Amino acid sequence: MPGRRSPRARAALKRPAMCAAPRPASTFAAVMLQLSVLKEQTARVLAGLAKRHFKTAEADVQAVLDLDQRRRALQTAHDQAQAEANELARQIGGLMKSGQRAEADALKARTAELKATIKTHADELAAVEQQQNELLYKIPNIPHESVPAGRSAQDNEVVREGGTKPTLGPDAQPHWELIKQYDIIDFELGNKITGAGFPVYKGQGARLQRALINFFLDQARDAGYYEVQPPVLVNEASGYGTGQLPDKEGQMYHDAQDNLYLIPTAEVPITNLYRDEIIALDKLPIKNAGYTPCFRREAGSWGADVRGLNRLHQFDKVEIVQITQPENSYAALEQMQAHVEHLLQQLELPYRILRLCGGDMGFTSALTYDFEVWSAAQGRWLEVSSVSNFETFQANRLKCRYRAEGGKTQLLHTLNGSALALPRIVAALLENNQSAEGIRLPAVLHSYCGFGLITN
RNA sequence: AGAGAGGUGGCAGAGUGGUCGAAUGCGACGGAUUCGAAAUCCGUUAUACCGGCAACGGUAUCGGGGGUUCGAAUCCCCCCCUCUCUGCCA
């Protein structure tokens with residue numbers, strides 16, 4: 001669920017602190033490829049941005065194109081001056097060797113001039129590139145043609161519904177009551193040792209967590225995903241790589257002392273595994289899965305709807321990531337969608353799959369499927385997974401490439417999805433399966449848990 | 001955390017101011033040889049940007065940033081990382 005919907009939150013584009021780990025110069029290179037799309041498919045880009053209701057699209061795109069022209073002119077001038085300076089240096093070297101001091105000094109006058117020109121050009125170039133980058137960082141990914149043209153969550157397209165909603169008795173409880181009744185998840189304790197949004201899982205609750213993680217990881221492995229266990233703290237470069245920085249700086253917990261960020265999703269470390277790599281064709285597609293805790297500050301998003309497990313600062317999630325050649329990425333997306341759907345079916349949860357509309361999609365995504373499960377006692381759908389194809393949007397920043405036929409390097413497509421995020425799954429399992437005897441767990445979990453019924 | 005050593009192309013490893021994008025070896029790729037293979041021999045083998053239809057040319061990159069110099073992989077400063085020893089520790 002990276003780059004989730006936050007059309008407003010991204011407004012303020014912050015420069016990173018220049019001290020510790022300045023944004024690598026390589027991002028400039030990455031930006032060029034994005035430019036090629038802007039230049040060659042301007043109409044498609046504008047149409048896509050319109051679908052997203054990106055208001056300043058025309059002006060921004062035009063500004064980028066204008067800056068690009070200036071940039072290229074400057075680059076050419078700069079390179080030429082540099083070439084001349086290099087040539088002079090060679091000549092001076094030759095003269096010095098043969099003892100022709102006076103002649104050498106005469107040439108030095110010209111090099112001084114060139115140096116000034118080069119400096120001017122370099123400064124201007126850096127300024128233009130920065131302006132260009134700031135604009136490009138503001139421009140979201142271009143939606144896939146199948147993305148519906150809506151404005152808000154109401155306009156998302158329901159792709160499919162599955163499972164059957166249970167009929168609960170009159171004394172049915174929401175999960176925040178059930179967890180107290182069975183004493184399996186304790187918010188008060190978490191509150192004491194950390195704060196709100198950091199619950200403590202206890203007894204059967206803790207075992208259920210571990211069971212779900214194992215179940216999800218095993219399912220991923222069976223589907224051909226290679227398991228990795230990445231760090232949960234990442235550096236600044238990784239934050240830029242997957243697009244959490246600079247837009248969502250405030251959403252991540254930040255350790256200022258070491259300038260590291262607690263991951264909001266395993267997408268960040270896992271996808272960054274392939275940053276700055278040229279991946280051999282026979283290694284593709286890359287399919288990785290990993291379990292990590294995830295940390296989100298969720299600043300400003302607390303309200304009546306976020307009771308209990310609906311929104312936490314720390315939660316567990318198994319993430320699946322694929323990196324594919326461009327022509328295969330939408331097939332991979334469908335495959336991932338099917339994988340997540342199969343998980344929900346095995347958990348016997350009523351679910352629906354949404355194709356997010358242009359206005360509701362995350363910044364970095366080209367096409368996103370959201371998965372929601374029915375939380376019977378709350379009477380609402382809860383998002384438990386978000387499966388997205390980012391096309392080259394992340395690969396561009398990551399410099400994640402492969403060598404195409406003919407030897408040219410090309411950007412790969414990156415995809416990821418939750419498979420699955422635990423808390424809301426747990427909420428639905430508790431609410432939907434409550435009974436007088438206790439909470440009946442789906443059969444597939446029994447062996448993982450070591451029990452099939454949560455009781456007092 | 002303290003002391004020392006070091007970061008060079010896919011890997012190993014030279015290079016301490018002047019055609020060095022970088023010797024050499026390995027690996028990989030193409031070719032020759034072979035019935036085929038091994039061995040051997042010849043050649044190719046980084047990335048990005050700019051210009052060009054292309055061939056090709058130019059520029060930059062030797063951990064990152066800044067400085068000295070006509071000229072820096074080589075000298076100076078700052079930062080990051082790795083290794084060894086000592087300390088601490090799950």
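Values in this document were obtained by computation on a predicted structure and should not be read as measured data. Each chain gets a letter, A, B and so on, in the order its sequence line appears, and its residues count up from 1. FYI, side chains are in, hydrogens and waters are out, and symmetry mates aren't considered; it's all heavy atoms of this structure.
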Considering just the side-chain nitrogens and oxygens of [X], establish if one lies under 4.0 Å of OP1 or OP2 belonging to [N].
X	N	value
A:Asn86	B:rA60	yes
A:Arg401	B:rA48	yes
A:Gln82	B:rA60	yes

Pairwise [atom1] distance, [M] and [N] [rounded to whole Å]:
N	M	atom1	answer
B:rG65	B:rG13	C1'	27 Å
B:rG58	B:rC76	C1'	31 Å
B:rC78	B:rA28	P	44 Å
B:rG18	B:rC75	P	12 Å
B:rA72	B:rA60	P	9 Å
B:rA5	B:rC62	P	23 Å
B:rU8	B:rA12	C1'	12 Å
B:rG63	B:rC83	C1'	15 Å

Practice problem: Could you give me the CA-CA distance, side-chain angles and deciding distance for A:Lys399 and A:Glu277, then say whether salt bridge (charged side-chain N to carboxylate O under 4.0 Å, His left out) is met? | Solution: CA-CA 7 Å; A:Lys399 291 208 302 164; A:Glu277 298 286 342; over 6 Å; no
Spacing between [X] atom [atom1] and [N] atom [atom2], to the nearest angstrom:
X	N	atom1	atom2	result
A:Ile279	B:rU47	CD1	P	14 Å
A:Arg275	B:rG63	CZ	C1'	14 Å
A:Lys408	B:rA46	NZ	C1'	16 Å
A:Gln75	B:rU59	CD	P	12 Å
A:Glu124	B:rC50	CD	C1'	16 Å
A:Glu236	B:rC80	CD	P	14 Å
A:Gln100	B:rC70	CD	P	19 Å
A:Asp276	B:rG9	CG	C1'	15 Å

Practice problem: For RNA chain B, find the residues of residues 107-122 of chain A with a heavy-atom distance under 4.0 Å and give them by number; none if there aren't any. | Solution: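 When residues 107-122 of chain A is checked for heavy atoms under 4.0 Å from RNA chain B, the hits, listed by number, are A:Lys108, A:Thr111, A:Lys115.
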For the side chain of [X], counting heavy atoms from C-beta on, which of [options] is nearest?
X	options	answer
A:Asp79	B:rC70, B:rC50, B:rA48	B:rC50
A:Ile278	B:rG51, B:rA60, B:rU47	B:rU47
A:Met96	B:rU59, B:rU47, B:rC70	B:rC70
A:Arg72	B:rC50, B:rA48, B:rC70	B:rC50
A:Ala89	B:rA60, B:rC70, B:rC50	B:rC70

Exercise. Give the intermediate values and the outcome of salt bridge (charged side-chain N to carboxylate O under 4.0 Å, His left out) for residues A:Arg70 and A:Asp66.
Key: CA-CA 7 Å; A:Arg70 251 188 86 205; A:Asp66 290 346; over 6 Å; no
Indicate the atoms forming the closest heavy-atom contact of [X] with [Y], along with that distance.
X	Y	result
A:Ile279	A:Cys400	CD1-SG, 3.8 Å
A:Arg297	A:Met252	CD-O, 3.2 Å
A:Lys39	A:Arg72	NZ-NH1, 3.9 Å
A:Ala428	A:Leu349	CB-CD2, 3.9 Å

Practice problem: Take A:Asp218 and A:Tyr448 through the side-chain contact (heavy atoms from CB on, under 4.5 Å) test and state the conclusion after the steps. | Solution: CA-CA 11 Å; A:Asp218 285 352; A:Tyr448 281 99; 2.7 Å; yes
Practice problem: Say whether A:Tyr225 and A:His339, considering side chains only, have a donor N or O and an acceptor N or O under 3.5 Å apart. | Solution: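 No donor-acceptor contact under 3.5 Å links the two side chains.
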Exercise. Using a heavy-atom cut-off of under 4.0 Å over every strand shown, decide if A:Asp105 touches base, sugar-phosphate, or nothing.
Key: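 If one applies the 4.0 Å heavy-atom cut-off, A:Asp105 turns out to touch nothing in the nucleic acid.
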Quiz item: Base, sugar-phosphate, or nothing: which does A:Arg403 touch, judged by heavy atoms less than 4.0 Å apart?
Solution: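 Sugar-phosphate, backbone atoms only, no base.
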Exercise. For the residue pair A:Leu441 and A:Ile454, establish whether any side-chain heavy-atom pair is separated by less than 4.5 Å.
Key: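 A:Leu441 vs A:Ile454: side chains touch.
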Quiz item: Less than 4.5 Å apart, any side-chain heavy atom of A:Phe393 and any of A:Ser388?
Solution: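 No, too far: nothing below the 4.5 Å cut-off.
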Self-check item: Range-with-range stems for RNA chain B, at least three Watson-Crick or G-U pairs under 3.5 Å
Solution: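 Correct response: B:1-7 with B:80-86, B:10-12 with B:24-26, B:27-32 with B:40-45, B:46-51 with B:56-61, B:63-67 with B:75-79.
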Quiz item: Can any side-chain N or O of A:Arg207 pair as donor or acceptor with the backbone N or O of A:Cys449 at less than 3.5 Å?
Solution: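 Confirmed, A:Arg207 side chain pairs with A:Cys449 backbone.
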Quiz item: Toward the 5' end of RNA chain B, which comes first, A:Ile92 or A:Thr409, by nearest nucleotide?
Solution: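 Its nearest nucleotide lies further toward 5', so the answer is A:Thr409.
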